[in-house]
Trainee: 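Structure in structure tokens, see below.
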2 protein chains.
Amino acid sequence: MATRTDTKEKILDLAEALMREKGFGEFSYAHLSSELNIKNAAVHYHFPSKDDLGKAIIERALQRFITWSHLDSIKEMRPKEKLAAFMEVYYKQNLDYSFRLCLIGSSAAAFPALPERMQQEVKGLAETILGWLAQVFEEGREKWELNFNGSAKAMASVFISTLAGALQLSRIGGKSFYTTTVEQLWNQLLVKH
Amino acid sequence: MATRTDTKEKILDLAEALMREKGFGEFSYAHLSSELNIKNAAVHYHFPSKDDLGKAIIERALQRFITWSHLDSIKEMRPKEKLAAFMEVYYKQNLDYSFRLCLIGSSAAAFPALPERMQQEVKGLAETILGWLAQVFEEGREKWELNFNGSAKAMASVFISTLAGALQLSRIGGKSFYTTTVEQLWNQLLVKH
DNA sequence: AAACATACTTACTAACTAGTAAGTAAACAA
DNA sequence: TTGTTTACTTACTAGTTAGTAAGTATGTTT
């Protein structure tokens, strides 16, 4: 058949979910095809190699983030609200679904084992997110909404590292580990010093 | 031959290094045996299943941490020094060797894909380290050496999450990402507020 | 000296891995 | 209505995976 289908999107959805649950190296074309009731060659049709699939997962995530951050509803927010919105998305997209990691965290953990083209894509994604966060922190400090010493970029690095790390460790320590950790992180940003 | 050998230790050393470089699911008995110039059945002789191997890696790491933390030279330290010593070990054992992760981070990232017995072992290791850190933070605040709000346990959670996260993200952002991030984390602990 | 344990090797297997070549059926374009 | 493109399926392969059964050489115990 040649009817317009959404198979490609479905493959991407499932592959991304599996990558965040188990890691990029821990799912196979067989997993994808059996779950979607197609043959593994159909997956190869849309994504000839696993490199292609991996690259596409990250590309799509980057587009998603760009779209989100350019939303009027986000752009209109004050810095503190932006940060809270980011954390909200982060929490919802990840911890709501059986301890799925964020793509950055999942990619970083398996980085040396990832296809090179995928590594490049991941670098772009990380830079974009970190850049956005640094801007929010800068603006937040200027407007006296967020408190921290040092550069906004360094603070953004701590912020994303803590979120990603806490998400991963919450697989060991449970959901409460995540909420405790992130609350502590958040409170530190509000304390006047 | 049946001469006393250190093959078992060598296997553990290599397996741990590979686990931290690539992840537990990303190395095979063939990798181990070819690197050590033995046959894969020899690895199975010492560690019948990969579950056994994984469990042994974590058990050994736990023993190593306990031994380290019970060292007189560590016990005699003041809280701030203890924390600095922990960070020193963390940095040396990981970033000095081509972006190897810590075992907690590597385990957390692949957690759902790990053998169950290994998961249990990882939980024990994480609890032990977190407990030790929480004590150090508590003592550090009492003695006015470390500054933070909230509970010592929460602060310890932020601390270890940030370290583990920064280590992972440094694979994407380079060594400077790690040093920037950890310096920012450290400075926050010293700021009076 | 005999029996046993240790530390392997040789030789194998069943299951799974990404990937391919060739065929097919439907939709679409000329 | 013929040709082309899309979206697959069927059928396959070469390589890798963890794991096993049986044999062997050495050292240790009795």
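Just so you know, these numbers use all the heavy atoms, side chains as well, and skip hydrogens, waters and symmetry mates. What you see is a predicted model; the values in this text were computed from it and never measured. Letters go in sequence order (proteins before strands), and every chain restarts at 1.
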Trainee: Determine: side-chain N/O of A:Thr7 to OP1/OP2 of D:dA7, distance under 4.0 Å, yes or no.
Mentor: no
Trainee: Check side-chain contact (heavy atoms from CB on, under 4.5 Å) between B:Glu9 and all other residues, then give those that pass, not counting sequence neighbours.
Mentor: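 With sequence neighbours excluded, B:Glu9 shows a side-chain contact (heavy atoms from CB on, under 4.5 Å) to B:Leu12, B:Arg60, given in chain and number order.
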Trainee: Does anything in residues 45-60 of chain A come within less than 4.0 Å of DNA chain D? Heavy atoms only, and list the residues if so.
Mentor: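 Those residues whose heavy atoms fall under 4.0 Å from DNA chain D, taken from residues 45-60 of chain A in numerical order, are A:Tyr45, A:His46.
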Trainee: Specify the separation, in whole Å, of atom NZ of A:Lys22 and atom P of C:dT17.
Mentor: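 After rounding, the reported distance stands at 9 Å.
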Trainee: Scan residues 153-175 of chain B for pairs that pass salt bridge (Lys or Arg N to Asp or Glu O under 4.0 Å), counting only residues two or more places apart or in two chains.
Mentor: none
Trainee: Of all residues at least two apart in sequence or in a different chain, which pass the side-chain contact (heavy atoms from CB on, under 4.5 Å) check with B:Pro115?
Mentor: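 side-chain contact (heavy atoms from CB on, under 4.5 Å) check on B:Pro115 returns B:Phe24, B:Asp51, B:Met118.
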Trainee: Of all of residues 23-34 of chain A, which get a heavy atom below 4.0 angstrom from DNA chain C, listed by number?
Mentor: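 Listed by number, they are A:Phe27, A:Ser28, A:Tyr29, A:Ala30, A:His31.
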Trainee: How are the rings of A:Phe86 and A:Phe159 set to each other: parallel, tilted or perpendicular (split at 30° and 60°)?
Mentor: tilted
Trainee: Give every donor-acceptor pair under 3.5 Å between a side-chain atom in residues 132-139 of chain B and any protein atom, sequence neighbours left out.
Mentor:
residue, atom, partner, partner atom, Å
B:Glu139, OE2, B:Lys143, NZ, 3.2

Trainee: Please state how far atom CG in A:Leu36 lies from atom P in D:dA7, giving the value in whole angstrom units.
Mentor: 16 Å
Trainee: Give the rounded distance in Å between these two atoms: NZ of B:Lys8 and P of C:dA7.
Mentor: 9 Å
Trainee: NZ of B:Lys39 versus P of C:dC8: gap in Å, rounded?
Mentor: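 Going from B:Lys39 (NZ) to C:dC8 (P), I get 13 Å.
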Trainee: Cationic tip of B:Lys8 within the cone over B:Tyr45's six-membered ring, i.e. under 6.0 Å and within 45° of the normal?
Mentor: no
Trainee: Could you please name the option among D:dT20, C:dT9, D:dT9 that lies closest to any side-chain atom of B:Asn40?
Mentor: D:dT20
Trainee: Could you state the NE2-C1' distance from A:His44 to D:dC12, rounded to the nearest angstrom?
Mentor: 13 Å
Trainee: Can you measure B:Lys10 atom NZ to C:dA7 atom P for me and round it to whole angstrom units?
Mentor: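 Taking atom P of C:dA7 as the reference, NZ of B:Lys10 is at 14 Å.
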Trainee: Please name all residues satisfying side-chain contact (heavy atoms from CB on, under 4.5 Å) with A:Ser106, sequence neighbours left out, ordered by chain then number.
Mentor: A:Met19, A:Leu101
Trainee: So which pairs with a foot in residues 26-44 of chain B pass salt bridge (Lys or Arg N to Asp or Glu O under 4.0 Å), sequence neighbours left out?
Mentor: none
Trainee: Once side-chain contact (heavy atoms from CB on, under 4.5 Å) is applied, do any residues pair with A:Thr7, and if so which ones, sequence neighbours excluded?
Mentor: A:Thr5, A:Ile11, A:Ile38, A:His46
